[in-house]
Q: 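Quick one: the structure is below, questions incoming.
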Amino acid sequence: MADRLFGVQRHERLLSELRRSGSVRVAALARELGVSELTIRRDIAALAERNLLTRVHGGATLPGQGPAPDPPRPPKGMRFTIGVVVPSLDFSWPPVVAGARAAAAALGVALRLRGSSCDPDEDRRQIGRLVEDDRVEGLLLAPSLDAGMIAWIGRLPVPAILVERQPHRWTATPRQLEWVRSDHALGAEIAVHHLHQQGHRHIGLLLSPGSPTSEHLLQGWRAACADLGIPDAMVVALTGGEQRGSIRDIVAQCRRTRVTALIVHSDPDAVPVARWCAEHGVAVPDELALVSYDDASAHLAEPALTAVRPPKHHVGRLAVELMVSRLLDGDRRPSQRVLVAPELVVRHSSLSPVRRPGMFGAARC
């Protein structure tokens, strides 16, 4: 029975990875789960018989997808060294770094990791150390972007790929800058459509001031509201600075604007909103439904928060694979700009509210 349960757990893990990234590789999954490659091949064969996946050479893909191409590998005996600079080594960045490390291990690439501090001068210092001292052959960067930084990156002696960052459509650089990032605008659209399906017609948005993600979330939120025919007068964007105020002010603004559902970026703000509601008698989701954008700690709230989960691990993995491709192919490969779709993890905080007389959201949706 124990062996059978372990097999079921492996199947669930395999299918979860397929849904997340679209493909799995036998060798990588065997290492991760601590079992033999033969065991994983048997698991794939069993799931393929149930039409839950498609077997391909070296792994599996979702049904209906073609074989996933092998990521580029350096020739035998060649070992690339890639530098990575991220704004911090905590909060949202460890999954990105973990994905990069997993791809680097699979491809025989060495990574040199540096944490910065969202300061352009510090970004330049860390990048300069990697180029001059560590002699890296490529860079994965998440700097504070402005025109000066973009131009400076374009003049670096080694290729660079931006991670969770995006410049303007055109850059005044010898080669158009490449990037890989989560499609945050799509993530906001997913959240709005989910809440609309739950019966909400007045959906607010609370953004983190100064975050590069905020611009994309606002874009997606507005697009989804327009698609669903929600008038601008019926929704509210709660953004930073003096408009943000306390959580009490935020909830009061929801009451005034008839907002019954709120999308909050990110978990460090969404969890306190849920806590304040619990302490002050605002029922979640009956009176105010909540969706967090991040899903690092949303499950720890009470109630557990529905969250949009950006594909951070996959973004890090793709960035390394793109860089190896760039180093192998050079100028023969066109510049690539990759968006990766987030997923919605539905929990209690956004399920269809029970409309009770007397609640401020009861008859206003």
Side-chain angles (χ1 to χ4, degrees), residues 71-72 74 78-89 92-93 96-97 99-101 103-104 107 109-185 210-216 219 310-312 314-340:
M78 181 183 295
R79 182 175 172 85
F80 293 136
T81 300
I82 298 174
V84 182
V85 179
V86 295
S88 70
L89 299 179
S92 63
W93 289 97
V96 177
V97 173
R101 283 176 168 159
L107 296 173
V109 170
L111 291 187
R112 298 288 182 268
L113 177 65
R114 297 283 186 272
S116 187
S117 58
C118 297
D119 176 76
D121 291 336
E122 179 65 11
D123 289 339
R124 288 185 173 90
R125 189 178 77 83
Q126 295 292 353
I127 294 168
R129 285 179 57 198
L130 287 169
V131 173
E132 296 169 10
D133 299 339
D134 292 327
R135 309 275 183 170
V136 299
E137 291 146 301
L139 290 162
L140 306 180
L141 306 176
S144 300
L145 277 188
D146 56 25
M149 177 62 77
I150 291 171
W152 186 80
I153 292 173
R155 294 193 297 270
L156 289 171
V158 298
I161 293 176
L162 300 178
V163 181
E164 293 291 16
R165 297 290 187 266
Q166 177 183 344
H168 298 297
R169 289 180 57 84
W170 177 85
T171 56
T173 54
R175 168 184 290 279
Q176 293 302 295
L177 288 185
E178 299 186 286
W179 47 260
V180 183
R181 72 167 178 84
S182 306
D183 192 344
H184 300 301
S211 169
T213 303
S214 294
E215 176 185 352
H216 303 299
Q219 175 189 354
K312 300 173 189 176
H314 197 62
V315 165
R317 207 166 74 189
L318 272 176
V320 170
E321 292 178 1
L322 278 179
M323 178 53 71
V324 171
S325 173
R326 167 60 62 208
L327 293 173
L328 289 175
D329 295 339
D331 291 339
R332 292 176 297 172
R333 180 173 71 71
S335 296
Q336 297 187 40
R337 297 179 166 187
V338 181
L339 287 174
V340 191

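Predicted model only: the values in this text are computed from it and were never measured.
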Q: Does Arg333 use its side chain to pair, donor to acceptor, with the backbone of Leu322 at less than 3.5 Å?
A: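 The answer is yes, because a donor-acceptor pair under 3.5 Å joins these two groups.
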Q: Which atom names give the shortest non-hydrogen contact between Glu137 and Val158, and what distance separates them?
A: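 Answer, listing the atom of Glu137 first, then Val158: O-CB, 3.7 Å.
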Q: Within a strict 4.5 Å, meaning less than it, do heavy atoms of the Trp179 and Leu339 side chains meet?
A: yes
Q: Given side chains that start at C-beta, do those of Val86 and Leu140 come closer than 4.5 Å, heavy atoms only?
A: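 Not in contact.
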Q: Give a yes or no answer on whether the side chain of Asp119 reaches the backbone of Asp121 with a donor-acceptor pair at less than 3.5 Å.
A: yes
Q: Does any N or O in the side chain of Arg165 come within less than 3.5 Å of the main-chain N or O of Arg181, such that one atom is a donor and the other an acceptor?
A: no
Q: Is any side-chain heavy atom of Thr173 less than 4.5 Å from a side-chain heavy atom of Ile153?
A: no
Q: Consider only side-chain N and O atoms of Glu215 and Gln219, and report whether a donor and an acceptor are under 3.5 Å apart.
A: no
Q: Checking the side chain of Glu178 only, and the main-chain atoms of Gln336 only, is there a donor and an acceptor separated by less than 3.5 Å?
A: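 It does hold such a pair.
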Q: For Arg124, does the CZ atom have more than 12 heavy-atom neighbours from other residues, nucleotides or ligands under 6.0 Å away?
A: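 Yes, because the 6.0 Å sphere around CZ of Arg124 holds more than 12 heavy atoms from other groups.
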Q: I need the Leu177 CG to Trp170 CH2 distance, nearest 0.5 Å.
A: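 If I round to the nearest 0.5 Å, the distance is 11.0 Å.
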Q: Checking side chain to side chain donor-acceptor pair (under 3.5 Å) between Ser182 and each of Lys312, His216, Glu164, which is the one that passes?
A: Glu164
Q: Can you find a heavy atom in the side chain of Val163 that is under 4.5 Å from one in the side chain of Val84?
A: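 Val163 vs Val84: side chains apart.
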Q: What heavy-atom pair brings Gly83 and Leu130 nearest, and what distance separates the two atoms?
A: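 Nearest pair, atom of Gly83 first, then Leu130: CA-CD1, 3.9 Å.
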Q: Would you indicate whether the side-chain heavy atoms of Leu141 and Val85 approach each other to under 4.5 Å?
A: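 Of all side-chain heavy-atom pairs linking Leu141 with Val85, at least one is under 4.5 Å.
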Q: To the nearest 0.5 Å, how far apart are OG in Ser116 and CD in Gln126?
A: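 So the OG of Ser116 and the CD of Gln126 are separated by 6.0 Å.
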Q: If you count the non-hydrogen atoms of other residues, nucleotides and ligands that lie under 6.0 Å from CZ in Arg135, is the total more than 12?
A: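 Open: at most 12 neighbouring heavy atoms sit under 6.0 Å from CZ of Arg135.
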Q: Determine yes or no for a side-chain-to-main-chain donor-acceptor pair under 3.5 angstrom, with Gln176 supplying the side chain and Thr171 the backbone.
A: yes
Q: Is a side-chain donor or acceptor of Asp123 paired with a backbone partner of Ser144 at a separation under 3.5 angstrom?
A: yes
